[in-house]
Protein chains: 2
Amino acid sequence: MTEKRRRDKPATKAALLESARLRFARDGYDATSVRDVARDAGVDPTLIFRYFGSKKQLFDEATTTPAEEADLLDGPPEEMVARMVSSVVFHDWSRYGGEHPLVAMLRSSALPDVRERIRDEVCHEYVDAFEKLVDGPDAALRAELLSAWLVGMGILRSVVRTPAMSDAQATDLAPYVEAVATSLLGRPMTGVATTD
Amino acid sequence: MTEKRRRDKPATKAALLESARLRFARDGYDATSVRDVARDAGVDPTLIFRYFGSKKQLFDEATTTPAEEADLLDGPPEEMVARMVSSVVFHDWSRYGGEHPLVAMLRSSALPDVRERIRDEVCHEYVDAFEKLVDGPDAALRAELLSAWLVGMGILRSVVRTPAMSDAQATDLAPYVEAVATSLLGRPMTGVATTD
DNA sequence: TCACTAAGTCATCGAATGGTGACTTCGCAC
DNA sequence: GTGCGAAGTCACCATTCGATGACTTAGTGA
């Protein structure tokens, strides 16, 4: 990250985005200065304004999830919750400071549009998917209650670093994922995902 | 809050703490300036340093939960989870910007000692209490999984403002609280609390 | 080789930040 | 009333913040 780059705008932008992603995730928007980001990237701070316009626009660009991850909707429906748990809790998010981007973004949730982006992502990525699986009444509420569990697990594992959640493996959680998902969705779910 | 106070140190300190509590909860540590807090309290900014020493010490003093709330451990054990849900999700936290202090403090979780304080509070206030109720193996993990659900519910309701959770009443949640708590703790629990 | 353009640097701005010490004024005991 | 100590005010400091515009340098195509 610090090795000298020959003059190369795309590579410099990429380096800035990478540093920004990490800093903003780990320290939040306000605690991160453009000078910090530039120093991490080994780049002159003014390039941030040259390339992104402002600190806020750098933040926006750095924290929009790149939809890089394989779509979690693929695969057997009865494994969906297990797949989501695997993504939120067990995926390697070291590029985001060790937390799921959604969880990291909570640290910048004083910015009103960040709240909105979190809401959109939670709803579209998790609630909507769960809602279709609910068998019974209160589909929206039950889907949100399950989403809340995922968010909470991510937070307890990576932010709060509660002992049992920090040490847990996917197989440890499987039976409880199965039980709670089955209970909340009202249809049989399994706690293990075939793909990671 | 803005009405003139005759010279009264305790009242001035109290006003500063009240403003600080709200600002720090709503905007986080870094986005809150001592001048903001002082202005809200109708007080000269330098009094903050006079009375609290530094911004950080003001934060610490303002955000230590005053153990004011009735002890959640009182009451029938089978209602404990329902009581906790009622506290985290439905209690009026307007003094903290509308969020449970634990949830609000996540916004300042870039500060390492804040993380520790969150962990301590989650463990002592929720995990420990739940752990004693678990009937079966994995007591610690299952207690944390239930705590994670509470934290997630608080976040989805007050920070993310997901539609169903925002509109939900305690009675809407009761059957699901009962089912999930019973499932995770391995013993029959009830979803309604006799006291608020 | 040389000039032109894009990439990167430099000096600097004004505002805001946390923090300090000397000063003034209020309120109460006598 | 009058001191005197506490409560509150004022001027100010060093630093850092986001941001700007003029400048220099490197790479490339002709």
Side-chain angles (χ1 to χ4, degrees), chain A residues 1-63 107-108 110-114, chain B residues 1-63 107-108 110-114:
Chain A
M1 187 185 288
T2 323
E3 78 268 7
K4 284 176 201 165
R5 232 181 345 272
R6 299 263 303 285
R7 301 200 160 194
D8 182 347
K9 180 168 169 177
T12 300
K13 279 193 69 170
L16 281 171
L17 283 172
E18 190 72 21
S19 313
R21 196 165 9 236
L22 192 72
R23 281 272 183 182
F24 284 132
R26 206 182 45 196
D27 304 332
Y29 181 80
D30 290 287
T32 299
S33 77
V34 294
R35 289 170 172 84
D36 290 334
V37 173
R39 193 180 324 113
D40 289 355
V43 152
D44 192 281
T46 63
L47 288 180
I48 287 177
F49 303 99
R50 232 183 206 311
Y51 292 160
F52 301 96
S54 70
K55 177 188 179 183
K56 183 55 169 44
Q57 285 173 285
L58 171 66
F59 175 85
D60 290 338
E61 199 155 330
T63 57
R107 206 164 283 124
S108 303
L111 300 161
D113 56 296
V114 170
Chain B
M1 188 186 290
T2 322
E3 79 266 7
K4 283 178 204 168
R5 230 179 348 270
R6 298 265 301 284
R7 300 203 161 192
D8 182 347
K9 180 166 168 177
T12 300
K13 279 191 70 169
L16 282 171
L17 284 172
E18 190 71 21
S19 312
R21 197 168 5 240
L22 191 72
R23 281 273 184 183
F24 283 132
R26 207 183 42 193
D27 303 333
Y29 180 81
D30 291 286
T32 298
S33 77
V34 294
R35 287 168 173 85
D36 289 335
V37 174
R39 194 180 322 114
D40 290 354
V43 153
D44 191 280
T46 64
L47 288 180
I48 287 177
F49 304 99
R50 239 184 200 308
Y51 292 160
F52 301 96
S54 70
K55 176 188 178 184
K56 184 54 168 46
Q57 284 172 284
L58 170 67
F59 175 84
D60 291 338
E61 199 155 330
T63 57
R107 208 164 282 126
S108 303
L111 299 162
D113 56 296
V114 170

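Letters go in sequence order (proteins before strands), and every chain restarts at 1.
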Does the base of dT25(C) carry an N or O that pairs as donor and acceptor with the side chain of Arg7(B) under 3.5 Å? yes
Within this structure, what is the NZ-to-C1' distance between Lys13(A) and dA6(C), rounded to whole angstrom? 14 Å
Return the value, rounded to whole Å, for the distance between atom CG of Leu16(B) and atom P of dG18(C). 14 Å
Looking at Tyr51(A), does any N or O in its side chain come under 4.0 Å of the phosphate oxygens OP1/OP2 on dG8(C)? yes
Evaluation steps, side chain to side chain contact (heavy atoms under 4.5 Å, CB included), between Leu47(A) and Thr12(A): CA-CA 9 Å; Leu47(A) 288 180; Thr12(A) 300; 4.1 Å; yes
For the side chain of Asp44(A), counting heavy atoms from C-beta on, which of dT9(C), dT17(C), dG18(D) is nearest? dT9(C)
After noting the C-alpha distance and the side-chain angles of Lys56(A) and Tyr29(A), does the key distance pass the side chain to side chain contact (heavy atoms under 4.5 Å, CB included) rule? CA-CA 8 Å; Lys56(A) 183 55 169 44; Tyr29(A) 181 80; 3.6 Å; yes
Grab the CG-C1' distance between Asp30(A) and dT16(D) for me, whole Å please. 14 Å
Using the side-chain heavy atoms of Arg50(B), tell me which of these nucleotides is nearest: dA22(C), dG18(D), dT9(C). dA22(C)
What nucleotide, of dG18(D), dG8(C), dG18(C), holds the atom closest to the side chain of Val34(B)? dG18(C)
Side chain to side chain contact (heavy atoms under 4.5 Å, CB included) between Leu17(A) and Leu58(A), worked out: CA-CA 7 Å; Leu17(A) 283 172; Leu58(A) 171 66; 4.1 Å; yes
With sugar-phosphate meaning primed atoms plus P, OP1 and OP2, does Phe52(A) contact a base, only sugar-phosphate, or nothing at under 4.0 Å between heavy atoms? nothing
Please state how far atom CZ in Phe49(A) lies from atom C1' in dA11(C), giving the value in whole angstrom units. 15 Å
Any Thr12(B) side-chain nitrogen or oxygen under 4.0 Å from OP1 or OP2 of dG8(D): yes
Figure out the CZ/C1' separation between Arg23(A) and dG18(D), and round it to whole Å. 16 Å
Rounded to whole Å, how long is the line connecting atom NZ of Lys9(B) with atom P of dG27(C)? 17 Å
Whole-Å distance, Arg35(B) CZ to dT20(C) P, equals 13 Å
Consider the side chain of Ser33(A), meaning its heavy atoms from C-beta on, and name the nucleotide among dG18(D), dG8(D), dT17(C) that approaches it most closely. dG18(D)
Hey, does Thr46(A) reach any base, or is it just sugar-phosphate, or nothing, if we go heavy atoms under 4.0 Å? base
Could you state the CG-C1' distance from Asp8(A) to dA26(D), rounded to the nearest angstrom? 13 Å
N/O donor-acceptor pair under 3.5 Å between Arg26(A) side chain and Ala110(B) backbone: no
Looking at dT9(C), dG19(C), dA19(D), which one has an atom nearest to any side-chain atom of Leu47(A)? dT9(C)
Minimum-distance pair of heavy atoms, taken over all atoms of Asp30(B) and Ala31(A): OD2-CB, 3.3 Å
